[in-house]
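Structure record follows, encoded as structure tokens.
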Amino acid sequence: MSRRLSLLGLFGAGLIVVGAATGCATGAASVPSSSGSSTSTPDATAPAESSEIGAAWLNGGRSLALVTWGSSSCVPRSTEAPTIADGVLTVSLTESDGTACTRDMVPRPTLVSLPGGVDPTKDLEIAVSGAATGETTLAGLAAPVQAEDFTPNAGWVDDSLVAIMTYGSSSCPPSVETVTAQGDAIAVGFATPPADLVCTLDIAPQLSLADVTGIGGPETSSLVLSGGGVTAEGPVPIIGKR
């Protein structure tokens, strides 16, 4: 996001055992598998990154979910501030901490805070380098969108993929378990985390992806979120173009 989120309520050593009500999920849950996933096996190195790049507006157009393909357990990070010049947003990604990566190939969302000068109502060219490389163009929003801090929000990556931003423990992102049609909306259910899961007691943005292939149509414009400790008051609008 364009402004930094402060950590809230660190207690003691900053680690507690969190029950199901915390909204935390298992380690690799930041990359959901709502349409099913193949069995993966640990490997010492991550598979070569694909040049396929996707993106979605989030938080009212103040940030992006940058989607790359690779190991679900080695999601790249945006540690350097992106730059904007001549209408092109340049983003450098770094490898995630650790060296052991599962040998699978899935879409992975990385949060990118946008610099000043980006107009979300205009098309945005994005150039990615580092842990993943490629280029993409994100269509501008039809109109400016108001978004409140610390509230769930979502954006279209493409016709079949939605990026979802929630808030909770930075070490325990939610995991998408079910995706179904619910009237004119799409219902996304998050998995219940293990009762003995240990999570840091902070509040940070969490990203997940929902595969909505064959669910809803062009008129679908909102999500109904439930489960996994995720709290949303009413439907969550999906911004951007499907």
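Counting from 1, the numbers follow the sequence of the chain as shown.
In terms of heavy atoms, Ala154 sits closest to Val162 at CB-CG1, 4.0 Å. Thr200 and Ser170 make their closest contact through OG1-OG, 3.5 Å (heavy atoms, listed as atom of the first residue, atom of the second, distance). When all heavy atoms of Arg242 and Gly216 are compared, the pair lying nearest together is NH1-C, 3.6 Å. Residues Leu89 and Pro115 come closest through the heavy atom pair CD1-CD, 3.7 Å. Contact detail for Ala163 and Leu58: the closest heavy-atom pair is O-CD2, 3.8 Å. The heavy-atom pair separating Arg62 from Ala147 by the smallest distance is NH2-O, 3.1 Å.
The side chain to side chain donor-acceptor pair (under 3.5 Å) analysis of residues 214-241, with sequence neighbours excluded, yields no pairs. Sorted by first and then second residue, the side chain to side chain donor-acceptor pair (under 3.5 Å) pairs involving residues 119-132 (not counting sequence neighbours) are Asp119-Thr121.
Checked against Ile164 for a side-chain contact (heavy atoms from CB on, under 4.5 Å), the options Val236, Asn153, Leu225 give a single hit: Leu225.
Partners of Asp184 according to the side chain to side chain donor-acceptor pair (under 3.5 Å) rule, which considers only residues two or more places apart in sequence or in another chain, do not exist here. Remark: Thr90 engages no residue in a side chain to side chain donor-acceptor pair (under 3.5 Å) (not counting sequence neighbours). Residues meeting the side chain to side chain donor-acceptor pair (under 3.5 Å) test with Thr213, sequence neighbours left out: Asp211. Partners of Asp159 by side chain to side chain donor-acceptor pair (under 3.5 Å), not counting sequence neighbours: none found.
For the atom pair CD1 of Ile238 and CH2 of Trp156, the computed distance is 4.0 Å after rounding to the nearest 0.5 Å.
Side chain of Gln206 to main chain of Ser169: a donor-acceptor pair is present (N/O by atom type, distance under 3.5 Å, no hydrogens or angles).
Remark: the Ser73 side chain and the Ser71 side chain contain an N/O donor-acceptor pair separated by less than 3.5 Å. In summary, the side chains of Ser63 and Ser113 do not present any donor paired with an acceptor at a separation below 3.5 Å, with no hydrogens or angles considered. Side-chain polar atoms of Thr110 and Ser78 form no donor-acceptor pair below 3.5 angstrom.
The hydrophobic cluster containing Val224 does not contain Tyr167, counting ILVMFWY residues as joined when their side-chain heavy atoms lie under 4.5 angstrom apart, directly or transitively.
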